[in-house]
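Below you'll find the structure, written out as structure tokens, and then a few comments.
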There are 2 protein chains.
Amino acid sequence: MSKPSVGGGAKTRPTMRHVAALAGVGIKTVSRVMNEEPGVSESTREKVLLASKQLNYELDVTAGSLRRSSRRTQTVGLLLPSVSNPFSAEIHRAMEDALSLKGVAVFAASLDDEPEREEAMVRAFLGRRVDGMVLTPIASNQAHVIPEHSRDLPVVFIDREPAGLTADAVVTDNAVGGAKAARHLFDVGHRKIAYLGDRTDIQTARERRRGFIDALGELGVSTASVPVRENLHDVESARLAAVEILTSDDPPTALFSSQNLVTFGCMRALRELGLSHTVALVGFDDFTLSDMMDPGVTVIAQHPEKIGALAAERLMARIEGDIQPPKTYIIETTLIIRGSGEIRPAS
Amino acid sequence: MSKPSVGGGAKTRPTMRHVAALAGVGIKTVSRVMNEEPGVSESTREKVLLASKQLNYELDVTAGSLRRSSRRTQTVGLLLPSVSNPFSAEIHRAMEDALSLKGVAVFAASLDDEPEREEAMVRAFLGRRVDGMVLTPIASNQAHVIPEHSRDLPVVFIDREPAGLTADAVVTDNAVGGAKAARHLFDVGHRKIAYLGDRTDIQTARERRRGFIDALGELGVSTASVPVRENLHDVESARLAAVEILTSDDPPTALFSSQNLVTFGCMRALRELGLSHTVALVGFDDFTLSDMMDPGVTVIAQHPEKIGALAAERLMARIEGDIQPPKTYIIETTLIIRGSGEIRPAS
DNA sequence: CTGAAAGCGCTAACAT
DNA sequence: ATGTTAGCGCTTTCAG
């Protein structure tokens, strides 16, 4: 008799040795059965399966990965601005749907746009031997974030492209999205459209502005005359900026906001000033109940479910050995018309 | 010279042995330093730290847990209805904030209210040796969900109390919340208030209804006359039910909805029928932009951040050895007045 | 088709 | 204060 005590086994979790002992086979045979490897006779297989069921045995994924040549842990890390941000949460869900089918579990973490957290969480996940990571980059250079010895660890960037290294990335077409907003408002008749944007150190915000301003320029609007307010990071700062712009001399007849919280601030400002039905508004990124607002809010919608699904697919492909050159996948936006963006300028 | 090849070390990740070799000490000394154990001279400590920094060494948490007596992996599992559901996502974030401080990583998974997924994900997390789990229970009996051999694994239930076993739980005071809605609408003058609720197999929905109906009874309203519509699981079914109720003979003068999606359906029905300012509405659970609706939506707010923080605290306490009897922690709701719930009945 | 022995990276239990 | 040996649960290698 070896160690597995049959009697008092309420405390210790069963191991392969327990199963092997109960089934009357060698431990390697159990391993083969649990991993569905070939080379086990049907009768042995059934004996092992029975014993495993009796003991309620569950393979220890992490212990196995220690010795396994592929070293896979069937685990990936997901680093988001915040797990409670709706856009991020939608990406998270889409990834989970794709990954859980493959038996891959996901570690999630929030970075709050803090570079120190980015580095700390990357290390934390690396220390837990993830097979790969999906990361919303923050630091100005990801080369320092990923340690040298893990350069070959599959990483897919989302929302923003990485700097300082090349890797797969899945991003929204922010510039084209901004341009769509500009063209739509122009088509409705607007010539003086203000831009209210997020922190200028965030790549996506810069892209949205660039696309927006460039498109206006192409349409013949003097880009120097476009009112621009940036570094608006929350509802209140956006509201204040919008009020200021709307109460200035020669105010714009339309607003384009680069992000949800900024859009909310603009909505509040417009309502407060009684301009909801007078000044047009297009927001970047869709949100729940946008159609229940008065007026409904026209938006440039992103597609987080597509981003998440594609990121998961690319990550798994890399983990499974795909070595094609890194590529950036671009997800288009969709203009959704709901009313606020179709208000014509008072002429 | 032992195995660690100094030259070509771009591919293999450094291990303790590499660090030990470089620092010229034994492997156990490295272990002591990395785990901040006492009994290492300051000078040795620094040598080790230097070598570890040079190699960019990172402790392998999972490998260590294999041999460690506590067997802790510094990892916990979180099972939610969906990571993309705002209420769940808020709980997730609060837990993460509490746990990341302690160096604990979290696996998150969505269950979609499917008992099979509950069991599958519990097993997946168990197989990755989590130190504990926070779980929104679904199956009618959690005894079958947690295998016998893991009965001593700390588990904290959230949102709903477990069945078939006793464990810590952190839940909203659903019954009192429902009662608050009833009393508020009664105080405003309503005597005929409809209840629109979620699936009756969900404990929280039943509690909200019970609290609501009982409170009305105590206030002298004939509970038999309360219009009740249940098993509304999405916006559209709720909208249809609300329209039906509102267009019936002798319609209610106020609505109480047990959940966000149902509230949204009610809002749509009221708007569609032009009754937004005529029929009162109180929703259970707060939501973004509720104050920007017309009228603002009065709600019984839950406090997911409190639930998450407390669940994390209880889980860590259990993991660290707390053995007091299991207890259910109840988080109170808050009535937030915004307009829709203060509409008086047309008399 | 099956199993014994070695060892993954680490910590425990003992040396020294 | 430091190092050595064994072994966590598993997979690999290699011998039957």
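Sequence lines set the chain letters: A, B, ... in the order given, protein chains first and strands last, and positions in each chain run from 1. The figures that follow rest on heavy atoms only: side chains count, while hydrogens, waters and symmetry mates do not.
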Protein-nucleotide distance ([X], atom [atom1]; [N], atom [atom2]), rounded to Å:
X       : N      : atom1 : atom2 : result
B:Glu58 : C:dC10 : CD    : C1'   : 14 Å
B:Arg67 : C:dC14 : CZ    : P     : 11 Å
A:Glu37 : C:dG3  : CD    : P     : 14 Å
B:Ile27 : C:dA12 : CD1   : C1'   : 13 Å
B:Met16 : C:dG9  : CE    : P     : 12 Å
B:Asp60 : C:dT11 : CG    : P     : 9 Å
B:Asn35 : C:dG9  : CG    : P     : 16 Å
A:Arg71 : C:dC10 : CZ    : C1'   : 11 Å

*asked:* Between A:Thr136 and A:Arg160, is there a side-chain donor-acceptor contact under 3.5 Å, judged purely by atom types and distance?
replied: no
#### Entry: Exercise: do A:Asp131 and A:Thr73 side chains pair donor with acceptor under 3.5 Å
yes
Short side-chain N/O contact from [X] to OP1 or OP2 of [N], under 4.0 Å:
X       : N      : result
A:Ser31 : D:dT11 : yes
A:Thr44 : C:dC1  : no
A:Ser69 : D:dT12 : yes
A:Thr29 : C:dG3  : yes

Closest non-hydrogen contact found for A:Arg128 with B:Gly103 is NH2-O, 3.0 Å
Of the candidates C:dT11, D:dT12, C:dG3, the side chain of A:Arg68 sits closest to D:dT12
Ranking D:dC8, C:dC10, D:dT11 by distance to the side chain of A:Arg17, first place goes to D:dC8
- Task: For A:Ser65, answer base if it contacts any base atom (sugar-phosphate contacts may also be present), sugar-phosphate if it contacts only those atoms, and nothing otherwise; contact means non-hydrogen atoms under 4.0 Å.
- Result: nothing
Indicate, with a heavy-atom threshold strictly under 4.0 Å, whether B:Thr62 touches base, sugar-phosphate, or nothing. nothing
Review item, side-chain donor-acceptor pairs of residues 50-64 of chain A, under 3.5 Å, at least two apart:
from: A:Asn56; atom 1: OD1; to: B:Arg123; atom 2: NH1; distance (Å): 3.4
from: A:Glu58; atom 1: OE1; to: B:Arg123; atom 2: NE; distance (Å): 3.0
from: A:Glu58; atom 1: OE1; to: B:Arg123; atom 2: NH2; distance (Å): 2.9
from: A:Asp60; atom 1: OD1; to: A:Thr62; atom 2: N; distance (Å): 3.1
from: A:Asp60; atom 1: OD1; to: A:Thr62; atom 2: OG1; distance (Å): 2.8
from: A:Asp60; atom 1: OD1; to: A:Ala63; atom 2: N; distance (Å): 2.9
from: A:Asp60; atom 1: OD2; to: B:Arg129; atom 2: NH1; distance (Å): 2.4

Heavy-atom nearest nucleotide on DNA chain D taken for B:Glu42 and for A:Gly64; more 5' hit belongs to B:Glu42
Quiz item: Should the heavy atoms of other residues, nucleotides or ligands under 6.0 Å from CD1 of A:Ile323 be counted, would the total exceed 12?
Solution: no
Assert: residue with more 5' nearest nucleotide on DNA chain C, out of B:Lys28 and B:Leu66, is B:Leu66
Exercise. Ignoring hydrogens and angles, are the base of C:dG3 and the side chain of A:Arg32 linked by a donor-acceptor pair under 3.5 Å?
Worked result: yes
